[in-house]
There are 2 protein chains.
Amino acid sequence: MGKTLSPHHAELADVATVDDALALVRARGGRATPSRRILLEVLFEAPRRHMTAEELAQAVRVRAPDVHLSTIYRNLEELERLGVVVHTHLGHSASAYQLASSAHGHFLCEECGKTIEVPDALFNELTRSATAEFGFSVNPHHFAILGRCADCS
Amino acid sequence: MGKTLSPHHAELADVATVDDALALVRARGGRATPSRRILLEVLFEAPRRHMTAEELAQAVRVRAPDVHLSTIYRNLEELERLGVVVHTHLGHSASAYQLASSAHGHFLCEECGKTIEVPDALFNELTRSATAEFGFSVNPHHFAILGRCADCS
DNA sequence: GTGCTTGCAAACGTTTTGCAGACTC
DNA sequence: GAGTCTGCAAAACGTTTGCAAGCAC
């Protein structure tokens, strides 16, 4: 595939409102378009909810029916580059997008598909030894940890 | 998507040779076909090497030029169900297949794409607290852990 | 001969891209 | 007006599936 693994996002931006985010967009020469504003509104309305690009597109279309899925993808990519948005891979299906400020780790059950949100503290020891032994700094948010949940064990 | 997240593989099978694996296949009512034997030979020749389905297909075709990629996928799926083979997701690209007996965890650099093989011991603490706090039993092999390697930090 | 396996082609779901027109600033 | 952004269509990617012919047992 040879493509970049993730849009190497900036430091987590200090973005508390839709307008903060649009200001960031403008600061790098971008424009504050309706589709961008509405996408951000949707993200800020349920900041802890994971949504796929398709789900975001449907939510955006309630207010602007003609916004195309490819526009959603392009805007998410841009917002991710700016550090406003983050995506997580929950297993084999579509990526889940979220505001960067509410990012967290995930356990995903291989059996039933249930996802469990995990406090970052659980990764402290792994993060510490990864750095100590490999000089590797772990990002526990980007891919879910797979396994079996209590019900399926 | 709604499909099974992973072919819920049997316990790791005690399979030390190609013929052991083919015996397992037969025990399930399957047949020992040339494409299956050659695929297993390729896997046993470099047991620690990760290979994509496409790479395996190319290697198999050296000995049997007409083996189709879909046959590779079907046979890998079957061998995974039998506990002989395991696959890992290394980032956004194609899955990496391996003999189950040489499975291990991975760190993958989001910046440069380098993968680091990780001893399972590094996951001990995460595994322990995941069980204690969530009743979740971690499988550290199925998805790589992302982050930044020493060179890219 | 039974029925598992194969090659092929075509579909799949997610994501990316090329383009001409539309819009923001 | 310059340059960014959009909708659309089409492609890309890895993977799966339906089918009729082929092979293992």
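Below, chains carry the letters A, B, ... as their sequence lines are ordered, and counting in each starts from 1. Just so it is clear, the structure is predicted and the values come from calculations on it, not from any experiment.
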Requested in this report: Go through the structure and list residues passing side chain to side chain contact (heavy atoms under 4.5 Å, CB included) with Asp66(B), not counting sequence neighbours.
Outcome: none
Query - Residue closer to the 5' end of DNA chain D, Gly29(A) versus Ile72(A) (nearest nucleotide) - result: Gly29(A)
Query raised in the report: When we call it a touch if two heavy atoms are under 4.0 Å apart, what does Thr52(B) touch: a base, just sugar-phosphate, or nothing?
Result: nothing
**Report entry** Any Ser70(B) side-chain N or O less than 4.0 Å from OP1/OP2 of dT16(D)
**Finding:** no
Requested in this report: Return no unless some side-chain N or O of Thr33(B) is found under 4.0 Å from OP1 or OP2 of dC23(D).
Outcome: no
Query raised in the report: So what does Arg36(A) hit on the nucleic acid, given a heavy-atom distance under 4.0 Å: a base, only sugar-phosphate, or nothing?
Result: sugar-phosphate
Query raised in the report: Within the distance-only criterion (no hydrogens, no angle test), does the side chain of Arg31(B) pair as donor or acceptor with the backbone N or O of Arg26(B) below 3.5 angstrom?
Result: no
Query - Minimum-distance nucleotide to Tyr73(A) side chain [options: dC5(D), dC8(D), dT15(C)] - result: dT15(C)
**Report entry** His87(A) NE2 to dT16(C) C1', straight-line distance once rounded to whole Å
**Finding:** 14 Å
Query - Closest listed nucleotide, where the reference is the side chain of Arg31(B) and the choices are dC25(C), dC4(C), dG14(D) - result: dC4(C)
Query raised in the report: Does a side-chain N or O from Ser95(B) land closer than 4.0 Å to OP1 or OP2 of dT15(D), or not?
Result: yes
Query raised in the report: Just how far, in rounded Å, is C1' of dG13(C) from NE2 of His89(A)?
Result: 15 Å
Query raised in the report: On DNA chain D, nearest-nucleotide positions of Pro34(B) versus Ala53(B): which is more 5'?
Result: Ala53(B)
Query - Whole-Å distance separating the CZ atom of Arg37(B) from the C1' atom of dT6(C) - result: 17 Å
**Report entry** salt bridge (Lys or Arg N to Asp or Glu O under 4.0 Å) between Glu125(B) and Arg128(B), intermediate numbers included
**Finding:** CA-CA 5 Å; Glu125(B) 180 58 21; Arg128(B) 202 196 51 69; 2.9 Å; yes
Query - Residue pair His50(B) / Glu117(B), side-chain heavy-atom distance below 4.5 Å - result: yes
Requested in this report: Nearest 0.5 Å please: distance from the CG atom of Leu108(B) over to the CD1 atom of Ile116(B).
Outcome: 9.0 Å
Query raised in the report: Could you give the CG-to-P distance, from Leu79(B) to dC4(C), as a whole number of Å?
Result: 17 Å
Query raised in the report: How long is the line joining CG of Leu76(B) and C1' of dG14(D), in whole Å?
Result: 13 Å
Query raised in the report: Want to settle it: does Glu54(A) or Arg74(A) sit nearer the 5' end of DNA chain C, counting the closest nucleotide to each?
Result: Glu54(A)
Query - Whole-Å gap separating C1' (dT15(D)) and CD (Glu55(B)) - result: 16 Å
Requested in this report: Can you measure from CG (Leu122(A)) to CZ (Phe136(B)) and round to the nearest 0.5 angstrom?
Outcome: 11.0 Å
Report task. Compute the bend angle of the helix from dG1(C)-dC25(D) to dC25(C)-dG1(D) from the end axes (five pairs per end), rounded to 10°. Result -> 30°
Requested in this report: Return the value, rounded to whole Å, for the distance between atom CG of Leu69(A) and atom C1' of dG7(D).
Outcome: 12 Å
Query - Main-chain N/O of Val67(B) paired to Arg61(B) side chain as donor or acceptor, under 3.5 Å - result: yes
Query - Integer-rounded Å distance: dG3(C) P and Arg28(B) CZ - result: 20 Å
Requested in this report: Ignoring the backbone of Arg26(B), work out which of dA9(D), dC25(D), dG7(C) is nearest its side chain.
Outcome: dC25(D)
Query raised in the report: Looking at residues at least two apart in the chain, or sitting in another chain, which of them share a side chain to side chain contact (heavy atoms under 4.5 Å, CB included) with Asp19(A)?
Result: Thr17(A), Leu22(A), Arg37(A)
